Amino acid sequence: MRKKYTYNDAYVESTIVMDGCKAIEAHLIAHVSNPLLNYRHQLEAIEEALSYITKGEMANFSPVFIRYFVSDAANQTELINNSKLNCARSVVEQPPLNGTKVAVWCYLMAGVTTTALENGLFAVDQGQYRHLWGGSAHNFAKNSEEQTLLLFEEYEKQLADEGCTLADNCLRTWFFVNDVDLNYGGVVSARNRVFASRGLTADTHFIASTGIGGRQADPNVLAQMDTYAVKGLRKEQVKYLYAPTHLNRTSEYGVSFERGTAVEYHDRRHVFISGTASIDNRGQIVHEGDIVNQTDRMTENVGVLLREAGCSYDDVTHIIVYLRDIADYQIVMTIMKGKFPYMPIVIVHAPVCRPGWLIEMECMAVKKIDN
């Protein structure tokens, strides 16, 4: 079920996942409707709108993860850090392209208990499963490769505290890279080294991921990481998505992530689609320099991945679109809203890892099943 809420100077697009007449989870994309407000008032407008929803119609939900897309992290992060919202939190400088200073993706679940763990992860307990979210992990090592190695080292310690491992429990990562054209190579090199040493290969599996341009408040942070893992899964519950008619294996061009991952629970299927661009099954950029056709090919690629998971765009909860060139915003928004008129969508400025890719998108889908 999709619904739009308006509250003062903000509006929230939502997808609410239902089990019969019972809502079980929700994804919210919150936008500011008045770009003339200063940053403090824009942030307040979004947080008031979220509070209105989560204390009203969604009072039985618990927020589990929130990401703030901001236009100036150095000057805007401190106010967010003072927020009383109790969930895993990510802040990244990826300016919303509707002319405002902040937008938000918030993920909520019903029927769960939540705990902020001492090691920095946020735990969400639901029956036999413990969902583990991490946001805005960073450090100040000397370069992007060393920072990424240290990020994985610290993350593996956090997972070990919960009896988990990177290979067996981590389902999704996000890497936000300061000056992606310069520093992405170091992130890739570090990830390849870590994965190879943990038995994560093209013959076993990788982890769904987005690697994209994005800044943290401190310019010395070259790589920031968000994470999602689940404790309690069996291997047969997890399926990896390839879409070989449209996409190649990422290992063929030297990187190590899955195009998508589907997870089966007894009542629903979660599908995580990695950052996906206009690419073919030989790893080549399709429609170089053409934002319209790159957008079409990108959404086609994602659609094939979704079908491989037994889903469609009807099951998608939200879409995040990353644009290299802010001048492409109007045409891309027109295309995306034409294709998906009621979908919660946020479009941000964030260069993709290969300069010829003008656009990339990621999404999550949830499908009701009886398993």
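This structure is a prediction, so every number in the text was calculated from the model and none was measured.
For Tyr184 and Phe175, the distance between ring centers is not under 6.0 angstrom.
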Evaluate ring pair (Phe, Tyr, Trp, His ring centres under 6.0 Å) for Tyr240 paired with Phe206, printing each intermediate quantity in order. CA-CA 9 Å; Tyr240 301 99; Phe206 296 125; 9.3 Å; no

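Note: Trp105 and Tyr107 have parallel aromatic rings, judged against thresholds of 30 and 60 degrees for the angle between ring planes. Taking the six-membered ring where the residue is Trp, Phe152 and Phe195 present perpendicular rings, their angle passing 60° and hence far from 30°. Between Trp174 and Phe65, the ring planes lie parallel to each other; the angle is under 30°, not in the 30° to 60° tilted range.
Donor-acceptor pairing under 3.5 Å is lacking for the side chains of Asp9 and Ser33. With no hydrogens or angles considered, a side-chain donor-acceptor pair links Thr100 and Asn98 at under 3.5 Å. Of the N and O atoms on the side chains of His270 and Glu25, at least one donor lies less than 3.5 Å from an acceptor on the other residue. Between the side chains of Gln76 and Ser71, at least one donor-acceptor pair of N or O atoms lies under 3.5 Å. One side chain, Arg297 or Asn301, offers a donor N or O that lies under 3.5 Å from an acceptor on the other. Gln147 and His138 are not linked by any side-chain donor-acceptor pair at a separation below 3.5 angstrom, with hydrogens and angles left out of the test. Between the side chains of Asn248 and Glu252, at least one donor N or O sits under 3.5 Å from an acceptor N or O. For the residue pair Ser274/Arg259, the side-chain donor-acceptor check at 3.5 Å is not satisfied. Checking Tyr5 against Glu57 by side-chain atom types alone, a donor-acceptor pair falls below 3.5 Å. Residues Asp226 and Ser90 bring a donor and an acceptor atom of their side chains to less than 3.5 Å of each other. When only modelled atom types and interatomic distance are considered, His131 and Gln126 share a side-chain donor-acceptor pair under 3.5 Å.
By the 6.0 Å contact criterion, CD1 on Ile369 is enclosed, its count of non-hydrogen atoms from other residues, nucleotides or ligands being greater than 12. At most 12 non-hydrogen atoms from other residues, nucleotides or ligands lie less than 6.0 angstrom from OH of Tyr52. In this structure, Tyr253 places its OH atom where more than 12 heavy-atom neighbours from other residues, nucleotides or ligands lie under 6.0 Å away. The neighbour count for Glu236 CD, taken as heavy atoms of other residues, nucleotides or ligands under 6.0 Å away, is above 12. Environment of CG in Asn82: crowded, with over 12 heavy atoms of neighbouring residues, nucleotides or ligands closer than 6.0 Å. Shown here is Glu300, whose CD atom has more than 12 heavy atoms of other residues, nucleotides or ligands within 6.0 Å.
Minimum heavy-atom separation, Glu288 to Ile285: CG-CG2, 3.6 Å. Of all heavy-atom pairs between Gly199 and Thr204, the closest is O-OG1, 2.8 Å.
Annotation: side chain of Val255 is in contact with side chain of Arg191 (closest heavy-atom distance under 4.5 Å). Contact of the Ile359 side chain with the Tyr322 side chain is not registered, since no non-hydrogen atoms from C-beta on lie closer than 4.5 Å.
One finds the CD atom of Glu146 at 10.5 Å from the CD atom of Glu153 (value rounded to the nearest 0.5 Å). Taken to the nearest 0.5 Å, the OG1 atom of Thr245 stands 8.5 Å off from the CD atom of Glu308. Rounding to the nearest 0.5 angstrom, the gap separating the CG atom in Leu132 from the SG atom in Cys164 is 5.5 Å.
In this structure, Glu264 does not pair ionically with Lys239, as no charged nitrogen and carboxylate oxygen lie closer than 4.0 Å. At a threshold of 4.0 Å, the pair Asp267-Lys368 does not count as salt-bridged, since none of the basic side-chain nitrogens sits closer than that to a carboxylate oxygen. With respect to Arg172 and Glu362, a salt bridge is recorded, a charged nitrogen being found less than 4.0 Å from a carboxylate O. One finds no salt bridge joining Arg2 and Glu13 here, because no Lys/Arg side-chain nitrogen approaches an Asp/Glu carboxylate oxygen to under 4.0 Å.
No donor-acceptor distance shorter than 3.5 angstrom exists from the side chain of Gln94 to the backbone of Val348, with no hydrogens or angles considered. A donor-acceptor contact shorter than 3.5 Å links the side chain of Gln237 to the backbone of Arg234. A donor-acceptor pair under 3.5 Å is absent between the side-chain atoms of Ser189 and the main chain of Gly185, judged by distance alone. Remark: the backbone N or O of Ala74 is not paired with any side-chain donor or acceptor of Thr77 at under 3.5 angstrom. A donor-acceptor contact shorter than 3.5 Å is absent between the side chain of Ser14 and the backbone of Ile16. A donor-acceptor contact shorter than 3.5 Å is absent between the side chain of Ser51 and the backbone of Glu47. At least one donor-acceptor pair closer than 3.5 Å links the side chain of Thr250 to the backbone N or O of Phe257. Distance alone, capped at 3.5 Å, is enough to place a donor-acceptor pair between the Gln224 side chain and the Val91 backbone. Between the side chain of Asp280 and the backbone N or O of Gln284, at least one donor-acceptor pair lies under 3.5 Å.
Cluster membership check: Leu182 does not share its hydrophobic cluster with Val221, using side-chain heavy-atom separations under 4.5 Å among Ile, Leu, Val, Met, Phe, Trp and Tyr. With hydrophobic clusters built from ILVMFWY side chains whose heavy atoms lie under 4.5 angstrom apart, Ile53 shares a cluster with Val32. Residues Val302 and Val263 are members of one and the same hydrophobic cluster, defined by side-chain heavy-atom contacts under 4.5 angstrom among Ile, Leu, Val, Met, Phe, Trp and Tyr. Cluster annotation: Val316 and Ile347 are assigned to the same hydrophobic cluster (Ile/Leu/Val/Met/Phe/Trp/Tyr, side-chain heavy-atom contacts under 4.5 Å, transitive). Residues Leu323 and Ile29 share a hydrophobic cluster, clusters being chains of Ile/Leu/Val/Met/Phe/Trp/Tyr side chains in contact below 4.5 Å.
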